[in-house]
Protein chains: 2
Amino acid sequence: MARSADETRRKILDAAADEFAQYGIAGARVDRITTTAGVNNALLYRYFGGKLELFDVVYSHHVTEIVEAVDLNPEDLPGYVGRLYDYYEAHPHVVRLAAWHQLERPDHAPPEAVRDAQAKKAEKIARAQKEGRIPADIPAEELRDLMVLLSLGNSPMAPSLGGGVSVPRRATVVAAARAVLEAGPGSTG
Amino acid sequence: MARSADETRRKILDAAADEFAQYGIAGARVDRITTTAGVNNALLYRYFGGKLELFDVVYSHHVTEIVEAVDLNPEDLPGYVGRLYDYYEAHPHVVRLAAWHQLERPDHAPPEAVRDAQAKKAEKIARAQKEGRIPADIPAEELRDLMVLLSLGNSPMAPSLGGGVSVPRRATVVAAARAVLEAGPGSTG
């Protein structure tokens, strides 16, 4: 019985991930999610409370997966950019879920697991900077986020402005990350 | 009478820009737009056809404004990144409208004015590359879009992944653009 409840929950979550990735929170329809999952609406409300709460569960799950799947070696930040780029390409759902979250839940903090993982990444960078292993001219958190920005080159969100049709390729954003790190101190003046 | 129709149209467009920037297409409510504009729903449908058509008009207007407002000098691409960054910061609506468009209208081509302006920017870069005024290792369109990507450092869309709390500052993304250009040929291998 517990087993079956877990399976039902999993079916709802899978259907919800597809629905939210495509339509966002406002555009998602509970009916479509339950039809795909093969359950009735009442069960969804009983398990998750409502559409918004269901979104938060789906979002937290996927975004936590990224930050745990893609590790950061402070001495190879271009490699981090490349692996994030690959991850986003292989998991377009995640980028769309994160974008909807940013747009529709702007004041909603990311899950604690994500904040912890991101803080640890900044700490690794800060330590490498302090020990002189990598340039220290860009503060650790900002450097981490600049690398994330570069990794979004091929995401459905970028270049979202200006109607660009080409996208920065993997080799290009990895080289850009390398150039940033090799430019050295003083370059951000 | 024509004057009054123009004013009414303008009031609807202003109210719609606020509504769509905040809620997107699915989340926007025609009722709220017409209440803010002080008109009745029938008038909105008569002037614009429907909610989706109204979104397209608002989106086209704002995104065309960007590409025309922020000029590109191929010999000062870091300056282009800085001025785009400033523009996005001063016009957060535009970035949000573009993001909703990207998410909710993924197969809808950008307006012709935008495609033309962006094509001209790539041509300027290609000419400067051909004449040896700037490095030619990154194809012109891709270089343009990499610059756009960097300019999104402070936008509501980035870093949308991983829950970063800091954002890349203007000086940092401008320096990153400079580093990319100074790294020179062979760096994207």
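Chain letters run A, B, ... following the sequence lines, proteins first, then strands; residues in each count from 1.
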Item to check | Structural part of B:Ile25 lying under 4.5 Å from a heavy atom of chain A | outcome: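 Neither part, no heavy atoms under 4.5 Å.
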Checklist entry - Is there a chain of hydrophobic side chains (I, L, V, M, F, W, Y, each step under 4.5 Å between heavy atoms) that links A:Leu13 to A:Phe55? => result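 Both belong to a single hydrophobic cluster.
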Next on the checklist: Between A:Ile12 and A:Tyr23, is there shared hydrophobic-cluster membership here, with clusters defined by ILVMFWY side-chain heavy atoms closer than 4.5 Å?
Outcome noted: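 They do not share one cluster, since no chain of ILVMFWY contacts under 4.5 Å joins A:Ile12 to A:Tyr23.
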Closest non-hydrogen atom pair between [X] and [Y], with its separation:
X: A:Ala99; Y: B:Leu103; value: CB-CD1, 3.9 Å
X: A:Leu146; Y: B:Leu150; value: CD1-CD2, 4.1 Å
X: B:Ala183; Y: A:Ala179; value: CB-CB, 3.7 Å
X: A:Leu149; Y: B:Gly153; value: CD2-CA, 3.5 Å
X: A:Gln102; Y: B:Arg96; value: O-NH1, 4.3 Å

Checklist entry - When you look at CD of B:Glu112, are more than 12 heavy atoms from neighbouring residues, nucleotides or ligands closer to it than 6.0 Å? => result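 No - once you tally the heavy atoms of other residues, nucleotides and ligands closer than 6.0 Å, there are 12 at most.
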Checklist entry - Just wondering, more than 12 heavy atoms not from A:Glu75 lying within 6.0 Å of its CD? => result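 Yes, enclosed.
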Item to check | A:Arg169 backbone acceptor or donor facing B:Glu142 side chain under 3.5 Å | outcome: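 The answer is yes, because a donor-acceptor pair under 3.5 Å joins these two groups.
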